[in-house]
Amino acid sequence: MSRRFTGSFTQQEPLPEAAVEAALRVLRHGRLHRYNTAEGEIAEAALLEEEFAAFTGARYCLAVASGGYALGCALRALDVGPGDRVLTNAFTLAPVPGAIAAVGAVPVFVETTEGLTIDMDDLAAKAAGAKALLLSHMRGHVCDMDRLMALCNAAGLPVIEDCAHTMGAAWRGVPSGRHGVMGCFSTQTYKHMNSGEGGLIVSDDAGLMARAILLSGSYMLYSRHRAAPPSAAFEGLRYTTPNVSGRMDNLRAAILRPQLADLPRQCARWNALYREMEAGLRGTPGLALIERPEAEDFVASSFQFLLPDWPAGRVRAMLARAAARGVELKWFGAKEPQGFTSRHDSWRYAPAQSLPRTDRILAGLVDMRLPLTFTVADAALIARILREEVSAVFQSGEELDEAPTAD
Ligand SMILES: Cc1ncc(COP(=O)(O)O)c(C=O)c1O
């Protein structure tokens with residue numbers, strides 16, 4: 001009899017006890033606003049920034065309201081504005097082109113490789129005249145950062161890293177978010193640390209970080225920050241930088257600090273799930289794994305594989321069979337966006353762009369969450385189910401009907 005998986009793909013772990021206690025302390029004293037501190041008290045938000053700066057090796061860090069806010073704030077800090085062309089990955093999630101559009105700039109999408117990273121040749125071809133690259137490490141896949149930075153430096157193109165899926169990851173030992181001028185992270189519930197909503201920006205650039213702090217809504221209280229440039233860096237900016245409020249509060253910062261202390265252990269647990277999935281699926285006929293480069297230290301909170309050049313009807317048949325056995329998959333090839341999986345042709349505020357290589361990849365791209373509520377045995381069972389169902393559909397040639405459906 002075929003086994004069914006009964007776990008939930010959207011259930012996170014509860015927050016650690018230390019986070020619950022920290023939250024209660026903040027709730028009991030009531031000083032949730034980051035600049036509302038008692039005599040001699042250091043705000044939780046300022047402490048989190050200090051600790052996250054140390055974790056990434058950055059000189060400066062700013063905690064903000066969300067990952068999407070972090071991206072917009074970084075773009076504004078770089079003075080990206082109306083009409084500017086900003087390059088970004090064609091394979092990413094909606095908050096990335098959304099952040100570009102929100103400052104009035106024009107998202108220009110760069111093609112995707114089979115490794116799910118940005119296509120360097122297409123990037124080189126599109127670099128001229130662009131104001132910045134908003135590089136999305138989508139689903140935690142890190143491109144060759146040495147090559148990318150060499151290319152962007154030669155083109156004079158500043159790089160903002162979207163590290164929403166790479167907190168704790170690295171390329172050749174350099175933490176994700178530390179290659180470009182600014183690195184932006186998310187602490188939204190589905191990410192590596194969970195504060196419901198939240199974001200972090202890191203940088204070594206005093207001018208950019210002073211602007212980001214003022215933009216985030218520091219008023220003239222910026223000297224209360226600790227992982228921040230000296231007051232002199234704010235002098236020429238404080239009258240001319242608009243307040244675009246998006247601060248993080250002390251409650252969220254308080255629950256993030258114990259999670260940050262535990263992040264390396266959690267990352268190892270995620271990767272154990274990922275490696276189990278990978279081992280269970282390797283060699284499945286009709287399925288291609290995403291190979292991970294040796295220079296990449298990734299942190300998996302999700303798993304992707306390709307069904308290369310499968311007709312849409314066959315992919316749908318496989319998804320339905322997996323769903324019937326309790327395995328919830330997302331497909332980036334569906335014509336209509338569903339849930340979180342919109343794609344470049346759904347973002348119609350951006351000019352329509354021809355991206356044949358990305359379209360080919362997305363047509364066969366299957367995506368799955370790997371929450372830490374799964375055990376390694378769960379991952380083994382899910383891989384077994386997928387192996388069976390992918391093989392069955394692939395070998396039977398099942399469901400080749402191309403009739404349009406609502407997906
Ligand atoms: C790739 C990517 N970048 C940025 C974000 C934005 O993060 P947030 O949800 O914290 O605004 C997300 C959120 O899902 C994301 O997946």
Side-chain angles (χ1 to χ4, degrees), residues 9-10 12 45 48 52 61-76 86-103 105 107 109-110 112 116-118 132-143 159-169 176-177 180 182-202 212 215-216 244-249 252-253 255-256 259-260 270 290 298-304 330 332 337-344 346-347 350 358 362 365 367-371:
F9 282 78
T10 51
Q12 311 305 317
L48 172 68
F52 196 73
C61 176
L62 172 67
V64 293
S66 72
Y69 182 88
L71 299 176
C73 186
L75 288 166
R76 283 193 178 89
V86 176
L87 302 176
T88 194
N89 306 54
F91 172 49
T92 185
L93 285 192
V96 180
I100 298 170
V103 296
F109 299 115
V110 182
T112 313
L116 306 185
T117 57
I118 199 161
L133 167 65
L134 180 46
L135 175 69
S136 187
H137 302 298
M138 176 64 173
R139 290 295 187 252
H141 297 275
V142 183
C143 68
V159 178
I160 298 168
E161 293 180 68
D162 165 26
C163 306
H165 302 171
T166 51
M167 187 181 282
S176 192
M182 295 192 116
C184 301
F185 298 80
S186 166
T187 61
Q188 175 244 67
T189 292
Y190 295 110
K191 305 299 194 292
H192 296 103
M193 298 198 293
N194 176 9
S195 61
E197 304 287 352
L200 292 153
I201 308 176
V202 296
L215 283 161
S216 76
V244 187
S245 283
R247 294 170 300 271
M248 181 181 282
D249 56 80
R252 286 171 207 202
I255 65 177
L256 287 169
Q259 294 182 68
L260 179 57
W270 261 301
I290 313 298
F298 63 89
V299 183
S301 57
S302 63
F303 190 85
Q304 293 72 43
K330 312 279 176 228
F332 277 90
Q338 278 182 354
F340 293 103
T341 55
S342 61
R343 59 180 197 190
H344 71 88
S346 335
W347 305 325
T358 298
L362 296 187
L365 177 57
D367 179 37
M368 197 191 92
R369 284 188 209 282
L370 272 181

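Hydrogens, waters and symmetry mates are skipped; everything else that's a heavy atom, side chains included, is used. Counting starts at 1 for both ligands and their atoms, following the listed order.
Polar contact with ligand 1: absent for Thr92 (N/O pair, distance under 3.5 Å). Between Thr187 and ligand 1, a contact under 3.5 Å exists for no N or O pair. Of the N or O atoms in Gln188, one or more lie within a sub-3.5 Å distance of an N or O in ligand 1. Residue-to-ligand polar distances keep Pro95 apart from ligand 1: every N/O pair is separated by 3.5 Å or more. The shortest N or O to N or O distance between Ser136 and ligand 1 is not below 3.5 Å.
The only option from Leu116, Ile290, Leu93 that meets the side chain to side chain contact (heavy atoms under 4.5 Å, CB included) definition with Arg139 turns out to be Leu93. The residue from Val299, Thr166, Val202 that alone fulfils the side chain to side chain contact (heavy atoms under 4.5 Å, CB included) condition with Ser176 is Thr166. For the side chain to side chain contact (heavy atoms under 4.5 Å, CB included) with Asn194, the qualifying choice from Thr189, Leu256, Thr187 is Thr189, the only one to do so.
Between Phe109 and Asn89 there is no side-chain heavy-atom pair separated by less than 4.5 Å. Within the 4.5 Å cutoff, no side-chain heavy atoms of Thr112 are placed close to those of Leu362. Put simply, the side chain of Ile118 reaches to within 4.5 Å of the side chain of Leu133, judged on heavy atoms.
Residue Val96 approaches ligand 1 through these ligand atoms, each under 4.0 Å from one of its heavy atoms: 3 (N). Close contacts of ligand 1 with Ser186, meaning ligand atoms under 4.0 Å from a residue heavy atom, involve 7 (O), 8 (P), 10 (O). The Gly67 neighbourhood of ligand 1 comprises atoms 6 (C), 7 (O), 8 (P), 10 (O), 11 (O), with distances under 4.0 Å to a heavy atom of that residue. For ligand 1, the atoms sitting less than 4.0 Å from at least one non-hydrogen atom of Leu93 are 16 (O), numbered in the order shown with element in parentheses.
Distance from atom 6 (C) of ligand 1 to its nearest protein heavy atom, with residue and atom name: Gly68 N, 3.5 Å. Nearest non-hydrogen protein atom to atom 15 (C) of ligand 1 is His165 NE2, 3.6 Å. The closest protein non-hydrogen atom to atom 13 (C) of ligand 1 is Lys191 NZ, 3.0 Å.
Proximity of a side-chain donor or acceptor of Glu161 to a complementary backbone N or O of Gly183 within less than 3.5 Å is not detected. At least one donor-acceptor pair under 3.5 Å links the side chain of Trp270 to the backbone N or O of Leu370.
For atom 1 (C) of ligand 1, the choice among Asp162, Leu71, Thr166 with the nearest heavy atom turns out to be Asp162.
What you find for His165 and His137 is that their closest heavy atoms are CB-O, 3.6 Å.
Taking a 4.0 Å cut-off on heavy atoms, Arg139 fails to register as neighbouring ligand 1.
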